[in-house]
Amino acid sequence: AYQLAKDESFALESVNSTKLIMWYLHAYCDASYASDKDKRLSVTGFVIYFCGAPVSYKSKLQCSASLSSTEAEYILIADVVKEITYVRNILRSLGIYVGLPVVVKVD
């Protein structure tokens, strides 16, 4: 069980402080190479989970045309890492420190 911290930090603290709280993030992502037939752009998407619950997702056309499916995946992974960094910083500001490494699963 958790409760709000008694100070002004708005952090969660464990009621039983002897237990180690393990917070974690993981993500799934995929890119579909040149699936937009008109512009030849890749469609990408990802979902980021915090302790098993989805907290961020995105699906969109990439801004530039990729020359290969590998390049489309690299562009996607860069976007996922930026979003993970953003989510980690928000959680850190709430007093929730996420363990490393953050696992990103790509096909």
Derivation and outcome, side-chain contact (heavy atoms from CB on, under 4.5 Å), residues Tyr86 and Ser56: CA-CA 10 Å; Tyr86 177 73; Ser56 180; over 6 Å; no
Distance in Å, Arg88 CZ paired with Leu100 CG, rounded so as to fall on 0.5 Å steps: 4.5 Å
Distance-minimising heavy-atom pair for Ser42 and Ala34: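 Residues Ser42 and Ala34, closest heavy atoms: OG-N, 3.1 Å.
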Intermediate values then yes/no, side-chain contact (heavy atoms from CB on, under 4.5 Å), Leu91 and Phe50: CA-CA 10 Å; Leu91 292 172; Phe50 174 63; 3.7 Å; yes
Connected via hydrophobic side-chain network under 4.5 Å: Val104 and Ile48: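 In one cluster: yes.
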For the student: nearest non-hydrogen atoms of Arg92 and Asn89, plus distance: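 Smallest interatomic distance, heavy atoms only, reads NH1-OD1, 3.1 Å.
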Residue pair Val87, Val55: steps toward the side-chain contact (heavy atoms from CB on, under 4.5 Å) verdict: CA-CA 8 Å; Val87 170; Val55 292; 4.2 Å; yes
Single-linkage hydrophobic cluster Val80~Leu41, side-chain heavy atoms < 4.5 angstrom: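 No; tracing contacts between hydrophobic side chains, which count when under 4.5 Å, never links both residues.
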From NZ (Lys60) to OG1 (Thr44), nearest 0.5 Å: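 Rounded to the nearest 0.5 Å, the NZ-OG1 separation comes out at 6.0 Å.
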Nearest-0.5 Å distance that lies between atom SG in Cys29 and atom CG in Asp107: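 So the gap between those two atoms works out to 8.0 Å.
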Distance-only side-chain donor-acceptor flag, Glu73 / Ser69, under 3.5 Å: no
Value rounded to 0.5 Å, distance of OG in Ser32 from CD in Gln62: 10.0 Å
Aromatic ring pairing His26/Tyr24, orientation class (parallel under 30°, perpendicular over 60°, tilted between): parallel
Hphob cluster co-occupancy, Ile75 + Val47, side-chain heavy atoms under 4.5 angstrom: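 In one cluster with Ile75: Val47, no.
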Between NZ on residue Lys82 and CD1 on residue Ile77, distance to nearest 0.5 Å: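 One gets 13.0 Å once the value is rounded to the nearest 0.5 Å.
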Co-membership, hydrophobic cluster, residues Tyr74 and Val106, 4.5 Å side-chain: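 Cluster IDs for Tyr74 and Val106 differ.
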Spacing of Ile90 atom CD1 and Thr85 atom OG1 [to the nearest 0.5 Å]: 11.5 Å
Same cluster (ILVMFWY, side-chain, under 4.5 Å), Ile84 and Val103: no
Test log, rule ring-ring contact (aromatic ring centres under 6.0 Å, His included), inputs Trp23 and Tyr97: CA-CA 7 Å; Trp23 305 105; Tyr97 294 93; over 10 Å; no
